[in-house]
Amino acid sequence: VIFRWWKISLRNELRESRPGEIKESQKDFLDDSSLHIQIAIVFGAKVLEHVLNLCRGNYDFLERLPVPLLLYIISFLELEDIARLSQVSRRFEMICNSNALWENIVENLCDTITPEMKELAQEMGWKQFFFTNRLQLQLQLRRRRQK
């Protein structure tokens with residue numbers, strides 16, 4: 001684990017200060033509580049927790065996957081599983097409620113989607129479109145045609 005820092009100051013006595021560096025093995029870092037405190041003060045508790053987890057070998061690979069790949073994977077889940085996954089983290093909540101995911105789900109489950117239906121879905125949101133029953137959708141489509 002390597003931490004580097006430098007001081008930026010307008011004070012004359014600190015202008016010549018050199019960057020600092022601490023190198024420790026992962027085991028030594030895990031045992032160094034004074035460094036933990038310094039990291040928490042400077043970077044916050046979440047960064048400290050993340051670094052400690054990395055040193056312990058606790059990687060969350062799923063959380064680090066790119067969004068397009070996650071959207072593809074999530075589109076194969078059952079609706080209850082998508083609802084549960086949306087409660088895991090803010091990132092998964094955003095992805096599980098995204099228009100991109102629900103557009104993909106609607107397109108996979110519906111035989112035909114007319115351009116008029118697509119326009120309505122984009123206006124109301126693809127998730128809302130998915131959960132709106134057919135009679136209500138037909139009524140909304142009729143209203144759009146009359147306008």
Side-chain angles (χ1 to χ4, degrees), residues 1-9 17-147:
V1 180
I2 302 171
F3 287 97
R4 294 187 177 111
W5 70 89
W6 59 94
K7 293 181 182 180
I8 300 172
S9 176
S17 64
R18 300 275 180 232
E21 180 177 275
I22 294 177
K23 291 183 183 182
E24 290 188 354
S25 70
Q26 291 178 354
K27 184 185 179 318
D28 290 339
F29 173 74
L30 288 171
D31 295 333
D32 192 345
S33 60
S34 64
L35 184 55
H36 297 174
I37 292 168
Q38 291 175 2
I39 291 169
I41 290 169
V42 174
F43 298 106
K46 285 187 177 185
V47 170
L48 174 61
E49 182 182 347
H50 178 70
V51 173
L52 288 171
N53 282 329
L54 289 174
C55 290
R56 292 180 186 127
N58 299 333
Y59 306 110
D60 187 357
F61 292 109
L62 188 61
E63 187 75 34
R64 301 205 176 283
L65 288 175
V67 172
L69 181 56
L70 284 171
L71 286 170
Y72 179 74
I73 293 168
I74 294 170
S75 70
F76 290 102
L77 296 177
E78 298 293 327
L79 295 179
E80 300 102 32
D81 297 327
I82 294 172
R84 286 188 195 110
L85 183 61
S86 73
Q87 297 171 349
V88 168
S89 68
R90 286 187 181 148
R91 182 172 190 233
F92 281 115
E93 180 184 15
M94 283 180 27
I95 293 169
C96 289
N97 291 316
S98 70
N99 270 329
L101 174 66
W102 288 97
E103 181 178 5
N104 192 355
I105 290 170
V106 169
E107 288 176 350
N108 287 339
L109 294 177
C110 294
D111 296 332
T112 57
I113 299 173
T114 65
E116 191 178 34
M117 290 169 69
K118 259 190 176 181
E119 193 175 312
L120 178 62
Q122 287 169 343
E123 272 181 29
M124 68 188 307
W126 283 94
K127 184 177 180 180
Q128 181 68 36
F129 181 83
F130 178 82
F131 284 109
T132 303
N133 72 39
R134 291 179 189 234
L135 292 174
Q136 288 175 331
L137 285 176
Q138 288 173 352
L139 179 63
Q140 288 183 7
L141 286 170
R142 265 191 237 122
R143 287 181 187 158
R144 287 176 60 84
R145 286 184 200 128
Q146 291 174 355
K147 287 183 182 179

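Heavy-atom basis, side chains included; hydrogens, waters and symmetry copies ignored. Each residue takes its place number in the sequence, starting with 1.
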Please lay out, stage by stage, how Leu109 and Phe130 fare under the test side chain to side chain contact (heavy atoms under 4.5 Å, CB included). CA-CA 10 Å; Leu109 294 177; Phe130 178 82; 3.5 Å; yes
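- Closest non-hydrogen pair, Arg91 versus Leu62, comes out as NH1-O, 4.2 Å.
- The heavy-atom pair separating Val1 from Phe3 by the smallest distance is CG1-CE1, 3.1 Å.
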Test log, rule side chain to side chain contact (heavy atoms under 4.5 Å, CB included), inputs Leu70 and Phe92: CA-CA 9 Å; Leu70 284 171; Phe92 281 115; 4.0 Å; yes
What's the verdict on side chain to side chain contact (heavy atoms under 4.5 Å, CB included) for Ile22 and Asp32, showing C-alpha distance, side-chain angles and the deciding distance? CA-CA 12 Å; Ile22 294 177; Asp32 192 345; 5.9 Å; no
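- Between Lys118 and Glu107 a salt bridge is recorded (basic side-chain N to carboxylate O distance below 4.0 Å).
- Asn99 approaches Lys127 most closely through the heavy-atom pair OD1-N, 4.4 Å.
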Could you walk me through whether Asn104 and Leu71 satisfy the side chain to side chain contact (heavy atoms under 4.5 Å, CB included) test, starting with their C-alpha distance in whole Å, then the side-chain angles of each, then the deciding distance to 0.1 Å, before giving a yes or no? CA-CA 8 Å; Asn104 192 355; Leu71 286 170; 5.6 Å; no
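- Aromatic ring orientation, Tyr72 versus Phe76: perpendicular (interplanar angle above 60°, classes split at 30° and 60°).
- Once rounded to the nearest 0.5 Å, the distance linking CD1 of Ile95 with CD1 of Ile73 reads 10.0 Å.
- A distance of 8.0 Å separates CD1 of Ile82 from OG of Ser75, quoted to the nearest 0.5 Å.
- The number of heavy-atom neighbours closer than 6.0 Å to CH2 of Trp5, taken from other residues, nucleotides and ligands shown, is above 12.
- Annotation: the span from Trp102 atom CH2 to Cys96 atom SG amounts to 8.5 Å, rounded to 0.5 Å.
- Rounded to the nearest 0.5 Å, atoms CG (Leu35) and CG (Leu48) are 8.5 Å apart.
- The distance from the CG atom of Asp28 to the NZ atom of Lys23 is 14.0 Å, given to the nearest 0.5 Å.
- Residue-environment remark: CD (Glu21) exceeds the threshold of 12 foreign heavy atoms within 6.0 Å.
- The minimum heavy-atom distance linking His36 with Leu30 is given by the pair CE1-O, 3.2 Å.
- Nearest heavy atoms, Cys55 versus Phe29: SG-CD2, 3.6 Å.
- When the shell of 6.0 Å around CE of Met94 is examined, it contains 12 or fewer heavy atoms from other residues, nucleotides or ligands.
- From Ile113, atom CD1 reaches atom CD of Glu103 across 7.5 Å, with rounding to the nearest 0.5 Å.
- Between Val51 and Ile39, the closest side-chain pair of non-hydrogen atoms is not below 4.5 Å.
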